[in-house]
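Notes follow once the structure below has been shown.
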Amino acid sequence: MKYHLQKELDKIKEKLLTLGALVEDRVYKAVRSIESKDEVVAKKIIEADNEIDEMEIELEEDCLKVLALHQPVAVDLRFIIAVIKINNDLERVADQAVNIASRVANISKREKSEEFFHDYSLMEEKVEYMFVKSLDAFVNMDVSLAEKIIKMDDEVDKLKGEAYDIIKDAMIKRSDQIGYLINFFLISRHLERIADYATNIAEEVIYLVEGKIVRHRDEYLYKGKL
Amino acid sequence: MNDFFKLTASDVDFYYGDFKALKNVSLNFIEKEVMALIGPSGCGKSTFLRCINRMNDLISGTRVDGSIVLDNVDIYNDRIDVVNLRKKVGMVFQKPNPFPKSIFENVAYGLRVNGIRDKNAIAGMVEKSLIQAALFDEVKDRLKDSALGLSGGQQQRLCIARALAVEPEILLMDEPASALDPIATQKIEELIHQLKKDYTIIIVTHNMQQAARVSDKTAFFYMGELVEVNKTDTLFTKPEKIQTEEYITGRFG
C-alpha cells in the first residue's frame with residue numbers, strides 16, 4: 001500500500017546525499033584554500049553557491065509534497081522532518097564555505113605586505129570530521145556516532161576561543177592591520193559554525209532514530225547516556 | 001476497579017462460537033476523553049466497541065469473559081438492565097440509519113420510549129440535542145419533514161442528536177464518517193471536539209488521520225489483541241511497539 005511513499009522517501013534520501021556530497025566537497029576545498037591562500041579556488045566556491053541553493057529549494061519542495069500527499073506518520077514523519085532540517089543545515093554549511101572563501105580572497109590580496117598567519121589545521125580537521133561523520137551517522141542511522149559528534153562541538157568551541165585570544169593579541173600588537181586580522185578571526189567563526197551545523201545534523205539523527213529531541217538538553221550528553 | 005477511570009475493561013475475551021475474537025484485552029477510559037480504536041479489518045476493534053454496550057448480546061453463540069466496569073458497576077453483571085445500559089452508553093453507526101419518520105420524531109423517539117410524555121419537555125430536549133449535534137440551524141424550519149430527505153452528513157448528525165437526546169454518558173462511534181464526503185466528515189470531527197466537553201467518546205475508525213485528528217488516546221488492535229495504547233500524538237510520531245509502527249506506516253506483512 002505504501003510502496004509509492006517508500007519510493008518518494010528513497011528519492012528524497014538520494015537527493016539529500018547528493019547535496020551532502022556536494023557541500024562536503026565545498027567545505028573540503030574552502031578549508032584547503034585557507035592554507036594555500038588560493039584565490040582562484042575561493043572565487044569558484046563563491047560563484048558555485050547558486051547550485052546548492054537551487055538543490056536545497058528543490059529538496060524542500062519534494063518534502064512538502066510528501067507531507068501534503070502522503071501524510072506520513074511515525075518513522076516516515078520523523079524522516080521527512082529530519083530531512084527538512086538537515087537540508088537547511090547543509091545549505092548553511094555551504095554558505096559558511098562561501099564565507100571562508102571570501103575571507104581567503106581578502107587575505108590573498110593583502111598577503112604580500114602582511115606576515116601574520118594563524119594555523120587552523122587542527123580546528124579544520126575536527127570540523128571536517130564532524131561534518132562528514134554527521135552525514136555518515138544519518139546514512140547509517142548511527143546514534144552513537146551522532147552522540148560522539150555532539151560531544152566534539154565543545155572541542156571546536158575551545159579551539160575557536162584559543163584562536164580568538166591569539167588574534168586579539170596580534171590586533172593589539174599590529175593595530176594598523178586590524179582589517180586584515182579580522183579575516184582570520186572570522187575564519188574561526190565560520191569553522192565553528194560548520195561544527196554547529198554538524199551538531200544539528202547529529203541531533204536530527206537522534207530524533208530520527210529514537211524520536212527524542214535532544215537539542216538544548218545538555219543533560220542528554222553529560223548526565224544521560226554518555 | 002478505579003475511581004479515576006470512567007470505564008475499565010479487564011482481561012476481556014470474546015468468542016463468536018469457537019472463534020476467539022478478543023484476547024485478554026484490558027483498556028481504561030478517562031471521563032471526557034476521546035479514545036480512538038484502530039487496526040486492520042477483523043482485528044476486534046468493533047467487537048470490543050460493541051462489548052461496551054452489550055450489542056454483541058444480540059448475536060447468538062457469542063460469549064464474553066473478563067469484566068467491563070462502568071462507574072464501578074460491572075456491566076455484565078446479571079442484574080444489569082441492558083436497555084438502561086444502552087441509554088447510558090449511546091451508539092452511532094457507520095451508515096446513518098434514521099427512522100423513516102420526521103426529523104423531530106427521530107430525536108423524540110428515544111425520549112418517548114423512556115416514558116417522557118410532556119410535549120414541551122420533549123420539544124426542549126429535541127432542540128437541545130439538535131443544537132449539540134450542530135444540526136439545529138440547518139433543520140429548524142423543517143422539523144416535520146422526513147429525515148430521509150436530509151443529506152448523508154445531516155442524517156449522521158441526526159443520528160448523533162438521537163443518541164444524545166437520552167443523555168448518555170458514553171458515546172460509541174463505529175466509523176461514523178466513513179460513508180460521508182470530506183466536508184461532512186469535517187463537521188462530524190468538529191462535533192466530536194465539541195461533544196468531548198460533555199461525553200466520553202470511543203470511536204472506531206479505519207481512517208488513521210481521523211484518529212490522529214479527533215482523539216486524545218489511540219488504541220491499536222491486531223488479531224484480537226490490544227497491541228498498544230498511547231497518547232495519540234505519541235502513537236503517531238513515536239509508537240512504542242514495532243507492530244504499531246508497521247501498521248500506521250503501511251509496512252504491514
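Proteins get letters first, then strands, A, B, ... in listed order; numbering begins at 1 in each. Please read these numbers as outputs of a predicted model, since none were measured by experiment.
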Side chain to side chain, A:Asp76 and B:Arg251, heavy atoms closer than 4.5 Å: yes

Would you say that B:Glu245 contacts A:Val75 through its side chain, given a criterion of any heavy-atom pair below 4.5 Å between the two side chains? yes

Which residues in residues 209-244 of chain B have any heavy atom lying under 4.5 Å from a heavy atom of chain A? B:Gln209, B:Phe236, B:Thr237, B:Lys238, B:Pro239

[X] [atom1]: over 12 foreign heavy atoms closer than 6.0 Å:
X        : atom1 : answer
A:Glu125 : CD    : no
B:Ile183 : CD1   : no
A:Lys43  : NZ    : no
A:Tyr28  : OH    : no

Atom pair OG1 (B:Thr249) and CD (A:Gln6), whose distance is rounded to the nearest 0.5 Å: 8.5 Å

Tell me every residue that passes ring pair (Phe, Tyr, Trp, His ring centres under 6.0 Å) with B:Phe29, counting only those two or more places apart in sequence or in another chain. none

